Every structure is written in structure tokens, then in C-alpha cells.
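Below is one structure, written out as C-alpha cells; comments come after it.
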Amino acid sequence: MKEQIATTNAPGAIGPYSQAIKTGNMLFISGQIPVDPATGNVPEGITAQTQQSIDNIKAILAEAGMTMDNVVKTTVFLADMSLFVPMNEVYAANFTAPFPARSAVAVKELPKQVLVEIETIAAL
């Protein structure tokens with residue numbers, strides 16, 4: 001059985017998808033772009049955008065009773081691979097060992113022309 005997880009502390013879904021779905025002990029969080037849920041604004045630069053995306057993930061995890069320690073896998077989508085190093089510095093500051101498995105890829109374009117989007121899987 002699946003349960004929808006939603007919070008106003010992260011940007012709401014703007015299409016036919018959920019912020020997150022919980023099934024059993026697993027939580028699947030849709031890709032989070034760096035939109036500030038309070039203002040709807042996107043911060044400037046890859047460092048601030050990565051942190052905002054992670055803050056959105058943290059809010060959804062909290063709604064599901066989880067933390068960053070529950071994250072087992074992420075997929076990072078970047079507008080350009082030249083952004084990898086500064087994204088990775090912010091990313092590393094938000095996780096502790098053992099770090100989750102991760103993929104990072106460059107894509108042609110992201111919604112709202114943001115620089116980063118992060119998809120997350122967590123487990124209890």
C-alpha cells in the first residue's frame with residue numbers, strides 16, 4: 001500500500017505527481033528543485049540552489065518522520081557538469097557517513113531553468 005507524503009514546507013507538486021510516496025519502510029521523494037516554498041523564488045547560483053533543494057528534501061523527510069540519515073540513494077541532475085564540484089561541497093556538508101549511493105548526471109534543461117534537481121530514496 002502506498003501513502004502520499006506532502007508538506008507545505010517544500011514546494012507543492014505542480015503536475016500529476018506527489019512530493020513523496022511512502023510504501024512499507026521506503027520513501028520515494030520526487031526530484032526537488034531549488035524553489036523556496038515560502039516565496040516561490042529560486043536563489044542565485046549553484047551553492048544556494050543545492051542547499052535549497054536539500055532543504056526541501058529535509059522538509060519532506062521530516063513530514064515522513066525521517067532525517068537525512070535515512071537517505072539511501074540520490075540522483076542529482078545538473079544543468080552542466082561544470083557545476084559538480086560546488087554542488088558536491090554543499091551536498092557533502094548535508095550528509096554523514098555512510099553516505100548514500102548517488103548518481104549525478106548533466107541534463108539538457110531543468111524546470112524553471114534551475115541549475116540542480118535532486119531525487120531521493122530513503123528507508124527506515
Side-chain angles (χ1 to χ4, degrees):
M1 182 170 189
K2 64 183 184 179
E3 172 189 356
Q4 183 180 30
I5 304 295
T7 177
T8 57
N9 294 322
I14 55 171
Y17 65 92
S18 300
Q19 279 181 334
I21 292 291
K22 185 176 180 185
T23 182
N25 69 336
M26 303 291 296
L27 181 69
F28 298 86
I29 300 176
S30 294
Q32 293 300 301
I33 61 173
V35 173
D36 181 325
T39 66
N41 295 331
V42 173
E44 294 284 328
I46 187 61
T47 300
Q49 287 193 19
T50 302
Q51 188 59 58
Q52 184 62 62
S53 291
I54 290 172
D55 289 346
N56 294 342
I57 290 164
K58 287 178 179 179
I60 296 167
L61 287 166
E63 186 68 22
M66 296 183 182
T67 70
M68 295 293 275
D69 289 335
N70 295 103
V71 175
V72 296
K73 170 72 168 80
T74 64
T75 304
V76 179
F77 302 95
L78 294 167
D80 190 289
M81 283 309 286
S82 67
L83 303 170
F84 181 84
V85 171
M87 174 283 297
N88 198 49
E89 291 171 355
V90 175
Y91 182 97
N94 282 276
F95 286 99
T96 57
F99 297 105
R102 178 180 78 186
S103 302
V105 297
V107 296
K108 183 176 178 181
E109 187 175 357
L110 290 165
K112 297 187 177 234
Q113 287 67 53
V114 300
L115 302 174
V116 64
E117 179 174 357
I118 304 173
E119 181 180 89
T120 310
I121 300 171
L124 288 173

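Source: prediction; values computed, not measured. All heavy atoms count here, side chains included; hydrogens, waters and symmetry mates do not.
Hydrophobic clustering keeps M26 apart from I5 (ILVMFWY residues linked when any side-chain heavy atoms are closer than 4.5 Å, directly or through intermediates). Both V76 and M68 sit in one connected hydrophobic cluster of ILVMFWY residues. Membership requires side-chain heavy atoms under 4.5 Å apart, directly or through other members. Note on I60 and I121: separate hydrophobic clusters, where clusters join Ile, Leu, Val, Met, Phe, Trp and Tyr whose side-chain heavy atoms are under 4.5 Å apart, directly or indirectly. Residues L83 and V114 are members of separate hydrophobic clusters, defined by side-chain heavy-atom contacts under 4.5 angstrom among Ile, Leu, Val, Met, Phe, Trp and Tyr.
The two atoms that bring N25 and M66 nearest to each other are O-CE, 4.0 Å, heavy atoms only. A38 approaches D36 most closely through the heavy-atom pair N-OD1, 2.8 Å. Contact detail for P100 and Y91: the closest heavy-atom pair is CG-OH, 3.7 Å. What you find for S53 and I33 is that their closest heavy atoms are OG-C, 3.4 Å. When every heavy atom of A92 is checked against every heavy atom of F99, the shortest pair comes out as O-CE2, 4.3 Å. Here the closest non-hydrogen pair linking I46 and L115 is N-CD1, 3.6 Å.
In summary, the side chains of D55 and Q32 do not present any donor paired with an acceptor at a separation below 3.5 Å, with no hydrogens or angles considered.
Within the 4.5 Å cutoff, side-chain heavy atoms of V105 are placed close to those of V107. I118 has its side chain out of reach of F77: every pair of non-hydrogen atoms, C-beta onward, lies at least 4.5 Å apart. Side chains of E89 and T50 form no contact here, defined as non-hydrogen atoms less than 4.5 Å apart. Residues N70 and L27 are not in side-chain contact: their nearest non-hydrogen atoms beyond the backbone lie 4.5 Å or more apart. P37 is listed as a side-chain neighbour of Q52, based on a closest heavy-atom distance under 4.5 Å. With a 4.5 Å cut-off on side-chain heavy atoms, Q49 and P43 count as touching.
Checking side-chain atoms of E117 against main-chain N and O of L110 turns up no donor-acceptor pair under 3.5 Å. In this structure, N56 contributes its side chain and V35 its backbone to a donor-acceptor pair below 3.5 Å. Panel note: side chain T23, backbone M1; a donor-acceptor pair is recorded below 3.5 Å. Distance alone, capped at 3.5 Å, places no donor-acceptor pair between the E63 side chain and the T7 backbone. The main-chain N or O of S103 is never found under 3.5 Å from a side-chain atom of T75 such that the two would form a donor-acceptor pair.
Between I57 atom CD1 and S30 atom OG the span is 10.5 Å, to the nearest 0.5 Å. Within the model, atoms OG1 of T120 and CG of L61 stand 7.0 Å from one another, a figure rounded to the nearest 0.5 Å.
Judged by a 6.0 Å distance limit and a 45° cone about the ring axis, R102 is not positioned over the six-membered ring of F95.
Residue-environment remark: NZ (K73) exceeds the threshold of 12 foreign heavy atoms within 6.0 Å.
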